[in-house]
Structures are given as C-alpha cells and as structure tokens.
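All values below were derived from every heavy atom in this structure, side-chain atoms included, with hydrogens, water molecules and symmetry-related copies excluded.
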Amino acid sequence: MSRESLLVDAVEHFAKNGIGDASLRSIATSIGTSHRMLIYHFGSREGLLAEVVRTVEQQQRDLLADVMALDLPIEEQADLFWRRVTEATLIYGPLFFELSAHAMQDRPHTAALKADLINVWLPPVIELCVRAGIPPTQAPSYARLGLAASRGLLFDLLLTGDREAIDEASALLNRLFNLPAR
C-alpha cells in the first residue's frame with residue numbers, strides 16, 4: 001500500500017473511531033496493513049497522527065479556497081462554505097475536536113496543528129472579510145471572531161444535532177458581519 005492510500009484509510013478510520021489510546025498495531029489491523037508498514041511511512045504512531053491532522057486541516061482549507069474561487073456573491077460563498085463544512089463536520093468533526101484537545105495538551109503529534117488551528121486560517125478568512133466590505137484594519141478581529149464562532153457552532157452541532165438551530169445561528173453571524181464596521 002502506498003503512503004497516500006494508508007493516510008486516506010487512517011483518516012477514515014479515525015473519523016469513525018476517534019483516536020483514543022489505539023496502538024499502532026490496532027490501527028494497522030483496522031486499516032488492513034501492518035504496523036511495520038505504518039512505521040516505514042510515518043515513523044511512529046505520533047507521526048501518523050501528525051499526518052492525519054495535516055490532512056484533515058488541509059482538506060478544509062482547500063474547501064475554503066475552492067469556494068472563494070467561485071464567481072459568486074460573497075453571501076453565496078459563505079453559505080456554500082458553511083453547508084460543505086457542516087457536512088464534513090458530521091464526518092470529521094469528532095476527530096477535529098479530539099485532535100484540538102490534544103493540541104491544547106501539547107501532545108507531540110499535534111505540534112503543527114497547534115500553530116495551524118488559528119494562524120493558517122486567519123489570512124483566508126481575513127481576505128473573505130475584506131471582500132465582504134469590512135475595513136482591512138478591522139478584518140483580523142472579525143476573522144478571529146468568525147473562526148471562533150463557527151467552530152463553536154460546529155461543536156454545538158456535534159453535541160446537539162440541531163442543524164436547523166445551528167444554521168439559523170450561522171445566518172445571524174453572517175448578518176452581523178454585514179453590519180457597518182465601527
């Protein structure tokens with residue numbers, strides 16, 4: 001099996017089962033390979049988890065870039081991105097939040113994630129805010145607020161399953177962003 005196919009299988013495995021305390025051997029068995037193959041490609045359990053983290057986060061950033069590249073009004077881009085993110089969250093959200101908790105605990109496999117959870121997301125979200133008409137000097141604060149509020153809503157979705165209420169709250173957030181910046 002190639003490194004790429006093992007990574008895809010690992011992401012899917014963790015999305016369904018979480019990380020927990022699974023050993024490299026049990027992970028390998030679950031995805032149909034050997035622990036030696038995982039060590040060869042990723043070095044260790046932590047190396048595999050680090051790659052899973054990078055992959056899941058990159059998928060979401062790619063999604064944002066794809067939506068921003070569409071020739072749609074900013075409101076439609078925001079709505080499309082939200083719909084796609086909520087769908088992905090229903091699959092990968094528990095993994096994202098588990099890995100985020102690991103990053104807060106400074107676990108070794110999340111060193112790159114810790115920096116990327118906020119810093120990598122801010123530039124494209126700032127750009128989105130500026131495109132929405134928020135003054136460039138205020139866009140970083142709006143971007144941070146939007147990122148935090150969106151993640152909070154996704155967390156709420158995973159806990160409550162109340163998609164209608166979450167979508168309404170997201171629409172309210174978008175309306176707040178259309179208020180004149182002060």
Side-chain angles (χ1 to χ4, degrees), residues 8 11-12 14-19 49-50 52-107 110-182:
V8 167
V11 168
E12 293 304 316
F14 290 130
K16 290 177 187 163
N17 304 297
I19 295 169
L49 294 175
V52 166
V53 168
R54 284 188 201 100
T55 299
V56 171
E57 275 294 282
Q58 187 61 52
Q59 288 171 349
Q60 295 306 303
R61 288 191 301 275
D62 291 347
L63 174 61
L64 178 59
D66 290 347
V67 168
M68 287 177 65
L70 296 174
D71 187 25
L72 295 172
I74 194 76
E75 298 81 15
E76 289 181 38
Q77 287 179 342
D79 183 56
L80 178 60
F81 181 64
W82 179 253
R83 284 192 319 253
R84 290 185 180 173
V85 163
T86 54
E87 290 302 319
T89 296
L90 294 172
I91 299 168
Y92 300 109
L95 174 62
F96 171 82
F97 286 108
E98 183 176 6
L99 291 170
S100 295
H102 288 189
M104 286 182 258
Q105 297 164 357
D106 286 326
R107 293 197 183 174
T110 61
L113 176 64
K114 190 169 187 172
D116 289 353
L117 280 171
I118 307 297
N119 297 335
V120 174
W121 279 100
L122 286 177
V125 178
I126 289 169
E127 179 187 338
L128 192 61
C129 289
V130 169
R131 287 171 60 187
I134 294 169
T137 57
Q138 295 178 7
S141 294
Y142 274 82
R144 193 172 290 274
L145 174 63
L147 184 60
S150 296
R151 287 187 175 158
L153 290 173
L154 295 172
F155 188 73
D156 186 335
L157 174 65
L158 291 171
L159 291 176
T160 66
D162 191 345
R163 182 120 185 214
E164 186 177 326
I166 302 307
D167 286 345
E168 286 177 24
S170 176
L172 174 60
L173 180 63
N174 286 341
R175 285 194 304 276
L176 292 173
F177 272 60
N178 286 327
L179 293 175
R182 294 193 176 110

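Partners of Thr137 under the side chain to side chain donor-acceptor pair (under 3.5 Å) rule, at least two apart in sequence or in another chain, do not exist in this structure. Residues passing the side chain to side chain donor-acceptor pair (under 3.5 Å) test with Asn119, sequence neighbours excluded: none. Glu168 is linked by a side chain to side chain contact (heavy atoms under 4.5 Å, CB included) to Glu164, counting only residues two or more places apart in sequence or in another chain. In this structure, the side chain to side chain contact (heavy atoms under 4.5 Å, CB included) partners of Ala15, at least two apart in sequence or on a different chain, are Ile91, Tyr92. Listed by chain and number, the residues in a side chain to side chain contact (heavy atoms under 4.5 Å, CB included) with Thr89 are Val85, Leu154, Leu158 (sequence neighbours excluded). For Phe97, the ring pair (Phe, Tyr, Trp, His ring centres under 6.0 Å) criterion is met by Phe155, not counting sequence neighbours. Here Asp79 pairs with Arg83 under the salt bridge (Lys or Arg N to Asp or Glu O under 4.0 Å) rule; sequence neighbours left out. Qualifying side chain to side chain donor-acceptor pair (under 3.5 Å) partners for Asn17, counting only residues two or more places apart in sequence or in other chains: His13. With sequence neighbours excluded, the residues satisfying side chain to side chain contact (heavy atoms under 4.5 Å, CB included) with Asp156 are Thr160, Ile166.
Between Pro140 and Pro136, the shortest heavy-atom distance links the atoms CD-O, 3.3 Å. Closest approach of Thr55 to Val11, counting heavy atoms only: CG2-CG2, 4.0 Å. The two atoms that bring Gly146 and Leu173 nearest to each other are O-CD2, 4.3 Å, heavy atoms only. When all heavy atoms of Asp116 and Trp121 are compared, the closest pair comes out as O-CD1, 3.5 Å. Annotation for Leu72 and Glu76: closest pair CD2-OE1, 3.5 Å, computed over non-hydrogen atoms.
How far CG of Leu49 is from CD of Glu98: 9.0 Å, rounded to the nearest 0.5 Å. Rounding to the nearest 0.5 Å gives a distance of 10.0 Å between CD of Gln105 and NZ of Lys114. One distance of note links CG of Leu117 with OG of Ser100; it measures 4.5 Å at 0.5 Å rounding. Summarising the geometry, atom CG belonging to Leu147 is positioned 6.0 Å from atom CG belonging to Leu122; distances are rounded to the nearest 0.5 Å. Asp167 contributes atom CG, which lies 6.0 Å from atom OG1 of Thr86 (distance to the nearest 0.5 angstrom). Summarising the geometry, atom CG belonging to Leu153 is positioned 4.5 Å from atom CH2 belonging to Trp82; distances are rounded to the nearest 0.5 Å.
Using a 4.5 Å heavy-atom cutoff, the side chains of Leu90 and Leu157 are in contact.
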Side chain to side chain contact (heavy atoms under 4.5 Å, CB included) between Val52 and Leu95, worked out: CA-CA 10 Å; Val52 166; Leu95 174 62; 4.0 Å; yes

Run the side chain to side chain contact (heavy atoms under 4.5 Å, CB included) check on Leu128 and Met68 step by step: do they pass? CA-CA 8 Å; Leu128 192 61; Met68 287 177 65; 4.1 Å; yes

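Residue pairs meeting the salt bridge (Lys or Arg N to Asp or Glu O under 4.0 Å) criterion with at least one member in residues 84-93, sequence neighbours excluded: Glu87-Arg163. Counting only residues at least two apart or in different chains, salt bridge (Lys or Arg N to Asp or Glu O under 4.0 Å) contacts with residues 59-73 comprise Glu57-Arg61. Pairs engaging residues 121-149 under the salt bridge (Lys or Arg N to Asp or Glu O under 4.0 Å) rule: Glu127-Arg131 [sequence neighbours left out].
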